[in-house]
Enquirer: 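For reference, the structure I am asking about is given below.
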Amino acid sequence: MLIVANISLLKLVVFFIQKIVVMAEQEYGGSTEALPPPPPVPLDFSPEKAEPAPVEKKLLRVPMARRGLGKKGRNIQILTNHFQVNVSNVDGHFFHYSVALFYEDGQPVEVKGIGRKVLDRVHETYHAELAGKGFAYDGEKSLFTIGSLPRSRFEFTVVLNDITSNRNVGTSSPPNEADRKRLRRPYQSKTYKVKISLAGKIPMQAIANAFRGQEYENSQEALRVLDIILRQHAAKKDCLLVRQSFFHNDSNNFVDVGGGVHGLRGFHSSFRTTQSGLSLNIDMSTTMIIKPGPVLDFLIANQNSRDSVSLDWAKAKRVLKNLKVQTATSNQEFKITGLSEKSCREQTFILKRRSKDEDCEVQTSEVTVYDYFVNHCNIDLRYSADLPCLNVGKPKRPTYFPIELCTLVSLQRYTKALSTFQRASLVEKSRQKPQERMQILSHALKMNNYDAEPLLHSCGVTINSDFTQIEGRVLSAPELKAGNGVDIFAQSGRWNFNNKRFFESAKVEKWAVVNFSTNCDIGKLVECLTGLGETKGISVEAPLKVFEESRHHRRAPPVGRVDKMFEEIQSKLPDAPKFLLCLLPERKNCDIYGPWKRKNLADHGIVTQCLAPGRVNDQYLTNLLLKINAKLGGLNSMLAVEVSRSIPMISKVPTMILGMDVSHGSPGQSDVPSIAAVVSSRQWPSISHYRASVRTQSPKVEIIDNIFKEVSDTRDDGIMRELLLDFHASSQQRKPQQILVFRDGVSESQFNQVLNIELDQIIEACKFLDEKWSPKFVIIVAQKNHHTKFFPYGSANNVPPGTIIDNKVCHPRNNDFYLCAHGGMIGTTRPTHYHVLLDEVGFKPDELQELVHNLCYVYQRSTTATSIVAPIGYAHLAAAQVGQWMKSEGTSETSSSQDGLRNAGPVTVPQLPRLQKNVASSMFFC
Ligand SMILES: *[C@@H]1O[C@H](CO)[C@@H](O)[C@H](O)[C@H]1NC(C)=O
Ligand SMILES: *[C@@H]1O[C@H](CO)[C@@H](O)[C@H](O)[C@H]1NC(C)=O
Ligand SMILES: *[C@@H]1O[C@H](CO)[C@@H](O)[C@H](O)[C@H]1NC(C)=O
């Protein structure tokens, strides 16, 4: 068994290296028969963009093969939203062609979204030349056929009616009558040149090989073609496509979540290779869209304002940028590029007019936008005279429209982060109970009728209409210990501290309360906290003082309010307090939160807990105490196996556990730095104490940048050195001999980078501290954004907490499993998909699965099992909190960017201030 696994591993390694050579050849040799490059994640085959791949001599690590199946736990029958697929045509080939589009003048087409229309037209017009073959087109640069086209190169010309205005509408003013007449013909149609050339072929046998775990690269390619067919199928039904999720333009699927935003329900649909063959994975999916209609209505809803007078136009500009509008005066769609500086009544432009006799010179005059529309076009403007105009032109050649003439077109994605309220509303309105979801999915499968899709039909694809039945196991909850050795037994993934003390209790002493204008009774709050604390074993001293914000400061910007408050604290308390309880005016999204945390942790090294009054009851205060205790260095509960030092492979050998995550700005914000957070366990043999190290890095970069720094710069030693030194200091001067990495948020296409780039950096960091030190590694990726769901057979409930699946729907070769550690209360439980990429320690399947399950029971912020291992949960929290610090930079950013140190690299990413020493190793993120 093991030998077989190793041989296939070796084959893969060899294959990987050959692959790189092939890519390099293709780059220079340009052979059309060469294999296409491996699937990059934004589907992009552009040969121009492909960089020559470095030919590495070093063996690259590849994801390990499964070593066996777990056995522990009680068996449970489960249905899953995978539908078995059979492929009968395995003799042919998919032919891959690259597609390039050009305008008539030879300029390449860079506008997205036009490709499908152009290729549809090509297909119609040149039916005979293409021998009537059906296309599977990805909408960009790749096209696939089943069997070859008659020739390997084509050049076609097609004419399309133009409905979008992305190019050539550069009129510097609204078109006048004469212009309109002149423009009508040429601007309503556009000519495209289409070049199609053969790029490679993929044997369809690869699909069948896929689930035997063979010939990995080709089968990924072949599956990609099948997925492209699904996308194209949805595109033909005018769906909005978001990767493999498809959204019909049907108002029954809209969910109003407030703020001018709709959730749009649709379906995810993709082919997956699994241990039991090929399956079609269908799930529900929701994307956010802008509520179509008048721009002004949208803005008022979006800003939650009473009327157009009170709108914040700077905010409006940010949210409107790049949205498409239609105007009352034409059928064209325009993309918003900005707003006019002046109001419609004051904003002028140069109007060009020809005098009566046609060939004479053009007269120019300066008119206001208002005057032009009202007096020249006879359009009544009722309320936009004093509002800014929309600019749909280019920065240097603006084109203005009064805002009331513009309506937002439908199916435009909203990519900004949702507010707490919107998110709650979305969850409330879009969740389905397991049974309901199953019905909807069955219906969706029937409606799509993929068996009849011509291309799938040609591949001989048939799809079973039943949910696949599989066998899962339910792991029993680990036993926990509270204070004084009292046992805690979790029930359905939850427990409580009724009549129990915390495992290790911190002291709340030398502390103060800070009040940012709230209406809560602070005396009572402190009293309750003290009383409740006592029952949990936490002694809460009387606060030194209660600080109230002076009324004069309440209107100041958030950073100013925090600074003033600290001046006050420092003047009254010469010795810095050890803890500050901070009352915020509103629950979340409070703009004081980020600056407040930053000031406390980075400037003063003070532990702080924020709360917002509202439902302050015993449950709320107990949860608050859980966090306060963890932040002050206590521990609420511990695993019994941790206390008895009987965790297999961990308790006997110094082991460090890492949780890694990178969080990015929302898709619309390409300039917001990404934040990498790595948390690490400390005080081995504990696996419940953690600390965090957080850095900024270039926007949208997933691979963590600052793991290791060779040159010790005074500002930054790199993440790993900081964490390793802390582990050493907190674990009786021991170096970890084993390092377990839990990595969140990477897709399958990035596994190799995690295994090679990030792991190499961690190893370098170890070697830097001690050349002879080579710890063993375990690398586990956790994914939540997949579409596999589980439904207990014959029950209307969610799967019970502890449900684990490592067969049938898992990867045919790789070492992965699904775990639902948490109890699903509402909606359908979302399992976490763990991929064990590397295991140098040599865990047995049951041991590793149980360890992962146990790590879902050490999250100190709650008394429930978590859906993902605690170290990853903490990494999320740390990244999110520090992300809030960045927000506080806001206006000060321009001044600080003149700081020479920041401009060291080619891309300047603002650096974060470090935490003060006395809080650096705390669970500040709890
Ligand atoms: C799948 O297709 C193959 C090849 O045509 C056929 O032999 C087999 O019976 C099919 N299996 C099922 C379950 O339909
Ligand atoms: C969506 O549907 C609405 C109402 O049926 C229609 O007015 C609109 O044009 C459609 N949008 C798209 C992009 O198909
Ligand atoms: C908190 O501050 C606000 C305004 O500064 C004040 O109105 C309120 O009474 C204070 N709350 C307590 C309990 O002192």
Side-chain angles (χ1 to χ4, degrees), residues 109 111-121 123-124 137-140 160-167 169 187-190 192 228 230-269 284-302 319-337 390 392 401 403-416 426 429-430 440 443-444 447-449 453 667-668:
V109 174
V111 177
K112 294 217 165 165
I114 194 76
R116 287 192 194 277
K117 290 204 184 75
V118 174
L119 267 287
D120 280 350
R121 182 54 58 89
H123 196 250
E124 270 164 44
Y137 176 51
D138 73 349
E140 297 190 17
L160 274 198
N161 290 334
D162 186 29
I163 53 135
T164 62
S165 63
N166 289 308
R167 200 169 180 263
V169 183
Y187 282 97
Q188 288 207 337
S189 63
K190 202 175 278 178
Y192 294 92
I228 288 171
L230 297 180
R231 278 174 67 84
Q232 178 171 279
H233 179 75
K236 290 209 163 39
K237 295 183 173 176
D238 291 325
C239 286
L240 170 67
L241 311 186
V242 181
R243 292 181 291 275
Q244 287 297 127
S245 292
F246 316 132
F247 303 90
H248 283 277
N249 177 21
D250 174 350
S251 56
N252 289 326
N253 297 337
F254 293 163
V255 177
D256 195 336
V257 299
V261 179
H262 279 156
L264 174 55
R265 280 194 304 242
F267 295 94
H268 167 91
S269 169
M284 305 191 61
S285 179
T286 302
T287 193
M288 306 317 294
I289 57 166
I290 300 269
K291 192 170 174 174
V295 172
L296 211 53
D297 290 358
F298 166 73
L299 288 178
I300 289 172
N302 186 244
V319 74
L320 289 179
K321 184 140 201 233
N322 290 330
L323 292 181
K324 285 191 208 139
V325 286
Q326 242 174 3
T327 63
T329 55
S330 79
N331 267 334
Q332 285 187 322
E333 279 178 14
F334 298 93
K335 194 185 257 182
I336 300 173
T337 52
L390 294 187
V392 299
F401 280 106
I403 203 161
E404 72 175 276
L405 299 182
C406 300
T407 51
L408 289 158
V409 305
S410 57
L411 292 194
Q412 303 197 66
R413 286 181 77 199
Y414 179 79
T415 53
K416 309 272 183 298
L426 179 68
K429 290 176 180 170
S430 62
I440 296 172
H443 183 68
M447 294 312 289
N448 274 313
N449 192 15
E453 206 289 333

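Whatever order the structure lists ligands and atoms in, that order sets their numbers, starting from 1.
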Enquirer: Closer than 3.5 angstrom, by distance alone: can the side chain of Asn302 be matched with the main-chain N or O of Gly259 as a donor-acceptor pair?
Expert: yes
Enquirer: Could you give the N/O to N/O pairs under 3.5 Å linking ligand 2 and the protein, each with its distance?
Expert:
from	atom 1	to	atom 2	distance (Å)
ligand 2	2 (O)	Asn249	OD1	3.2
ligand 2	2 (O)	Asn249	ND2	2.4
ligand 2	11 (N)	Asn249	ND2	2.8
ligand 2	11 (N)	Ser410	OG	2.6
ligand 2	14 (O)	Asn249	ND2	3.2

Enquirer: Return the orientation label for the Phe254 and His262 ring planes: parallel under 30°, perpendicular over 60°, tilted otherwise.
Expert: parallel
Enquirer: Between Lys291 (side chain) and Phe298 (backbone), is there a donor-acceptor pair under 3.5 Å?
Expert: no
Enquirer: Counting distance only, does the side-chain N/O of Gln244 pair as donor-acceptor with the main-chain N or O of Ser269 below 3.5 Å?
Expert: yes
Enquirer: Is the count of non-hydrogen atoms from other residues, nucleotides or ligands lying under 6.0 Å from Lys429 atom NZ greater than 12?
Expert: yes
Enquirer: Would the distance check show the side chain of Gln232 and the main-chain N or O of Tyr137 forming a donor-acceptor pair, the cut-off being under 3.5 Å?
Expert: yes
